[in-house]
Amino acid sequence: MWVRLGRVTVISRGYAALAGITAAVVAIGSAELVAVVTGPRSAPLVAVGGLVVDHVPEPAKQFGIALFGTYDKIALLVGTALLLGVFAALIGVLAVRWLVAGLAGIGVFAALGVGAAVARAGAGPADALPSLLGGGLGALALWLLIAGPLQPDPWPWSPPATAPPPATAPPPAATSSPTATPPPAMTSSPATAPPPDAATPAAPAGMSVEGRRRFLTGAGWLIGTATVGGLAGRWLAGQRGVSEARAAVVLPAPVGPAPAVPAGADLSVPQLAPYVTPNIGFYRIDTALVVPQVDPDTWRLRIHGRVRNPIELSFAELLARPMVERYVTLACVSNEVGGDLVGNARWLGVPIRELLDEAQPEQGADQVVGRSVDGWTCGTPTAVLRDGRDALLAVGMNGEPLPVEHGFPVRMVVPGLYGYVSACKWVTELELTSFADFDAYWVPRGWSAQGPVKTQSRIDTPRPRNRLTAGQVTVAGVAWAQHRGISRVEVRLDEGQWQEAELAPAVSVDTWVQWSWRWTATVGEHTLQVRATDSAGETQTERRRPVAPDGATGWHTVRVTVR
Ligand SMILES: Nc1nc2c(c(=O)[nH]1)N[C@H]1C(S)=C(S)[C@@H](COP(=O)(O)O)O[C@H]1N2
Ligand SMILES: [Mo]
């Protein structure tokens, strides 16, 4: 059945584009409000962005990370919004020519939002609501602006009175007495002539000042209201987060306290990374566009799969277990040589080894898959988790409950492995399987299934743009080879002889170590390089390799100018 939607007003492309963009803002803003109820990840921008994160080709992702660093997520959201704006403008232009097609275009975007929201791990039918309602209100806004009461032409627009068929209904003048004054020319009769703009729809000159004002005011109000509503939605969603629940957590005292940090572990040199990284400065890497808010009261950990004795634990039950506290340096496989995706913290948690001993993995279950509430997975060798190292199911970071963005309430921390194969945040499952049977998140995306940390060293000071004066300069940095330990760090100047740097003490082989080297700097351009040797005697290779598939190699090199 044909539904009459009204007569589409004749407006310029710019106005049409504005109508389309208004529709998009209304759609996104109202969807954000609905998402306060259905959860932030059901909002269309985040849902579609999440789909992009999971499916964008790896080189494009590397490029994004290289270009925007840890701001890559914001860049993605802004990019998605800009792209959406372009399509919305096109939909507006299309709608002026063919309203139904324009409305259908909004329908396509709503369907994309619905699809993205319901496709993610743990989604339900309610997750379709933000995109559905947003799409509906966006379509309504478009109609209001180009065919409804906000259009520049007078509204309600009434269709022209059916043109009087001259043959069957001759004008009264024809029957009147010839002596009567004949009416003026037929064509000038306002009662029977169709409105001029309907007869000649290609005349945008018909937009009155008043009509233009109505349209622009309408669009302004819609954009303003939707923006305020959308921001309020985001804010309300933030209020519904778990920061209060986190603040209420009382961490147990460890039965196995962390060893004291030896005096001198922190050289306190300006620009040198501190030995213990404060939580606020700890790098963050994950695929989550919105940080998962996990309520500790409903959190469960399931240890299942190929085990003889599956286990399920609540947060209270986990906290009741004996805990240890350990310093462990975490590193990201995406860290470039000289990069800062590495940090050292004091983690409080339950040794994963003890939980696995209870669950009793079956023969051949050589992989433990950590699964986050948002569906992200990592695959850790079962043997590594049981070889005696301090692999933890951590609840505390530097004396506090885990920060929400670092995995609250519970995450994994495994010394010696890159984060992508071991450090599952917001963890809710440990599934015993085999490497042959399951590929974790990053493996089909081109990263190695095995991810032992490569020995690395970094020059923190001086930095390339520092102004140096000739004389005594402290060259200093960090080096790491978690679970093997660093035995030597060497520095060379201008590709000369390698000279041994001084190593600061460290808590254990599971943390990085600071090093320093005294340099009597001379005026001119200089190149400083560093390389480390692990306690197995292996020295970092000079060969430059990219971060994919299993971690960068090469020597960190800094060029400086001394005056
Ligand atoms: N749920 C979840 N956990 C995750 C990730 C993720 O994307 N999702 N990324 C991993 C990667 S690649 C790294 S390097 C570490 C980083 O931990 P951080 O953000 O606390 O520094 O978390 C790991 N745990
Ligand atoms: Mo990572």
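These numbers come from the heavy atoms of this one structure, side chains and all, not from hydrogens, waters or symmetry mates.
Distance check: Arg371 CZ to Arg302 CZ gives 8.5 Å after rounding to the nearest 0.5 Å. Taking CG of Leu216 as the reference point, atom CH2 of Trp221 lies at 15.0 Å (rounded to 0.5 Å). Distance CE/Met397 to CH2/Trp347: 3.5 Å, rounded to 0.5 Å.
In this pair, Trp299 and Phe315 present their aromatic rings perpendicular. The plane angle is above 60°, beyond the 30 to 60° band. Between Trp442 and Trp447, the two ring planes are perpendicular [angle over 60°; tilted spans 30° to 60°].
For CD1 of Ile280, the number of neighbouring non-hydrogen atoms (other residues, nucleotides, ligands) closer than 6.0 Å is 12 at most.
When all heavy atoms of Leu45 and Leu77 are compared, the pair lying nearest together is O-CD2, 4.0 Å. In plain terms, the two heavy atoms of Phe408 and Val294 that are nearest each other are CE2-O, 3.7 Å. Nearest heavy-atom pair across Pro152 and Leu145 is CD-O, 4.0 Å. Nearest heavy atom pair, residue Ala141 against residue Ala23, reads CB-CA, 4.2 Å. For the residue pair Ala110 and Gly135, the shortest heavy atom distance occurs at CB-CA, 4.0 Å.
Of the N and O atoms on the side chains of Asp550 and Ser448, not one donor lies less than 3.5 Å from an acceptor on the other residue. Residues Tyr283 and Asn335 bring no donor and acceptor atom of their side chains to less than 3.5 Å of each other.
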Determine all donor-acceptor pairs shorter than 3.5 Å in which one atom belongs to a side chain in residues 116-130; sequence neighbours excluded.
{"from": "Arg120", "atom 1": "NE", "to": "Arg41", "atom 2": "O", "distance (Å)": "3.4"}
{"from": "Arg120", "atom 1": "NE", "to": "Ala117", "atom 2": "O", "distance (Å)": "3.4"}
{"from": "Arg120", "atom 1": "NH2", "to": "Asp127", "atom 2": "OD1", "distance (Å)": "3.1"}
{"from": "Asp127", "atom 1": "OD2", "to": "Gly124", "atom 2": "N", "distance (Å)": "2.7"}

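The backbone N or O of Asp366 lies less than 3.5 Å from no partner atom in the side chain of Ser434, so there is not a single donor-acceptor pair. The backbone N or O of Asp286 sits nowhere less than 3.5 Å from a side-chain atom of Lys425 that would complete a donor-acceptor pair. In this structure, Asn398 contributes its side chain and Ala345 its backbone to no donor-acceptor pair below 3.5 Å.
In this view, Pro310 and Val307 satisfy the side-chain contact (heavy atoms from CB on, under 4.5 Å) rule, not counting sequence neighbours. For Leu137, the side-chain contact (heavy atoms from CB on, under 4.5 Å) criterion is met by Val26, Ser30, Leu140, not counting sequence neighbours. With sequence neighbours excluded, the residues forming a ring pair (Phe, Tyr, Trp, His ring centres under 6.0 Å) with Phe87 are Phe109, listed by chain and number. Applying the salt bridge (Lys or Arg N to Asp or Glu O under 4.0 Å) criterion to Arg212, with sequence neighbours excluded, gives no partner residue. For Arg445, there are no salt bridge (Lys or Arg N to Asp or Glu O under 4.0 Å) partners at least two apart in sequence or on another chain.
Here the side chains of Arg321 and Leu313 are in contact, with some heavy-atom distance below 4.5 Å.
Remark: Arg306 fails to qualify as a cation-pi partner of Phe438 under the 6.0 Å distance and 45° angle criteria applied to the six-membered ring.
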